[in-house]
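Below: the structure, in structure tokens.
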2 protein chains.
Amino acid sequence: MNVKTPINPLLQHAAQTLTSHGGRMTAQRRLILAVLAESQDHPTAEELYQRVQPKNPALNLSTVYRTLRWLEQEGLVNSRHFEGEPHQDRFDPVADQRPDHHHFRCRACNRIIEFDAPLLDKVKQTFSRQQGGQVESAALVLYGLCADCASK
Amino acid sequence: MNVKTPINPLLQHAAQTLTSHGGRMTAQRRLILAVLAESQDHPTAEELYQRVQPKNPALNLSTVYRTLRWLEQEGLVNSRHFEGEPHQDRFDPVADQRPDHHHFRCRACNRIIEFDAPLLDKVKQTFSRQQGGQVESAALVLYGLCADCASK
DNA sequence: CTGTGTGCAAAGGCTTTGCATAGAC
DNA sequence: GTCTATGCAAAGCCTTTGCACACAG
């Protein structure tokens with residue numbers, strides 16, 4: 001077992017996508033992918049940049065952006081914006097996750113909790129039935145207090 | 001019947017809020033409120049600015065922003081961001097609408113359709129039951145093709 | 001070696017802010 | 001007359017882009 005290179009689906013996907021598109025796997029991309037994959041929150045580009053700094057102080061913010069946008073185009077990452085925040089994007093590694101997961105955001109500690117909402121299929125169906133057309137995807141964000149913050 | 005001043009709940013609310021906060025009803029605010037209230041789409045600040053131009057070419061973009069942000073603070077307007085758009089806000093007059101309405105956005109014509117989703121209450125309850133905490137609000141956006149665009 | 005990726009610095013898009021003047025109450 | 005709102009221009013914040021050099025394949 002190689003402890004130094006744990007299995008990282010995001011990195012694996014990225015590597016495949018890269019080679020099949022004539023791209024190159026650089027140290028910077030590897031680092032960004034690794035940090036992103038182990039981030040449980042949904043970091044902004046700036047936050048990712050900060051976390052990468054210790055391991056490679058020379059790595060530039062624009063490289064972080066370029067990598068994220070490329071991952072986004074390849075469908076390996078989603079960018080989101082949450083209410084009440086400045087005009088900044090947060091990045092959500094999709095990797096092997098269920099495609100249609102949703103988010104709860106605590107307005108006190110800003111924690112983001114992901115969850116599935118199978119009931120949303122019904123909501124989509126109802127909309128289609130009433131309005132016609134096709135619903136392709138849904139983005140649901142719940143806002144409130146998480147269990148920890150509510151109990152204080 | 002006074003045809004020149006149709007009943008405008010947004011404007012009425014705004015007028016009340018203004019006077020009770022020591023604010024002043026100016027020609028600019030009246031204009032912006034009127035145009036916003038009759039906008040069926042969810043205009044950006046820039047779009048609102050364009051629509052206001054013919055009636056008052058001197059009115060400044062920053063006045064539009066200041067008015068919108070003030071309305072937002074007062075809870076008379078919501079600002080939103082939709083996926084796939086530049087980093088710009090769209091403004092949604094709340095006025096006398098149901099508080100918890102949601103949005104469908106057509107990826108072809110960009111039209112926005114509002115709808116109610118009573119089933120979301122169940123989604124909220126399910127989340128609270130499983131994770132604890134309190135859910136205060138929900139923002140749902142469906143993406144797809146509207147009836148018109150789907151039939152082409 | 002060839003061509004993609006990176007660092008750096010500058011520019012871009014949307015939004016906010018400081019300040020002097022205009023205008024509501 | 002007093003104090004809030006506006007217009008204008010400048011700044012701010014997040015993000016993207018141009019260019020020369022570095023480096024993966």
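Note on naming: letters A, B, ... go to the chains in the order of the sequence lines (proteins, then strands), and numbering restarts at 1 for each one. Everything numeric in this text was worked out from a predicted model, so none of it was measured.
In terms of position on DNA chain C, the residue among His87(B) and Ser62(B) whose nearest nucleotide sits closer to the 5' end is His87(B). Where Thr19(B) and Asn56(A) meet DNA chain C, the nucleotide closest to each residue was compared, and Asn56(A) sits on the side nearer the 5' end.
His103(A) has its ring centre less than 6.0 Å from the ring centre of His42(A). Annotation: Phe104(B) is in aromatic contact with Phe127(A) [ring centroid separation under 6.0 Å].
Between the side chains of Ser79(B) and Arg90(B), no donor-acceptor pair of N or O atoms lies under 3.5 Å.
Axis deviation across the helix from dC1(C)-dG25(D) to dC25(C)-dG1(D) amounts to 30°, comparing end segments of five pairs, rounded to 10 degrees.
With respect to the salt-bridge test (charged N to carboxylate O, under 4.0 angstrom), the residues Arg105(A) and Glu136(B) do not qualify.
Between Asn60(B) atom CG and dT15(C) atom C1' the separation is 12 Å, expressed in whole Å. Atom CD of Gln53(A) and atom P of dG7(C) are 10 Å apart (whole Å). When the P atom of dC8(D) is taken as reference, atom CG of Leu59(B) falls 10 Å away, rounded to whole Å. As rounded to whole Å, 11 Å separates atom P of dC14(C) from atom CD of Glu47(B). dG3(C) atom C1' lies 15 Å from atom CG of Leu18(A), rounded to whole Å. Across the protein-nucleic acid pair, His81(A) atom NE2 and dG13(C) atom P stand 20 Å apart, rounded to whole Å. The distance between atom CH2 of Trp70(B) and atom C1' of dT16(C), rounded to the nearest whole Å, is 18 Å. Distance CZ (Arg24(B)) to P (dA22(C)): 16 Å, rounded to an integer number of Å.
Checking dT15(D), dG7(D), dA24(C) against the side-chain heavy atoms of Gln28(B) singles out dG7(D) as nearest. The side chain of Thr63(B) lies closest to dG7(D) when the candidates are dT15(C), dG25(D), dG7(D).
On a pure distance criterion of 3.5 Å, a polar donor-acceptor pair joins the side chain of Arg66(A) and the base of dG18(D). At a cut-off of 3.5 angstrom, the base of dG5(C) holds no donor-acceptor pair with the side chain of Arg29(A).
In this structure a side-chain-to-backbone donor-acceptor pair under 3.5 Å is present from Asn56(A) to Ala58(A). Of the possible polar contacts, none joining the Thr63(B) side chain to the Leu59(B) backbone as a donor-acceptor pair under 3.5 Å is found. Of the possible polar contacts, one joining the Glu47(B) side chain to the Thr44(B) backbone as a donor-acceptor pair under 3.5 Å is found.
Across all strands shown, Ala27(B) has no heavy atoms under 4.0 Å from either base or sugar-phosphate atoms.
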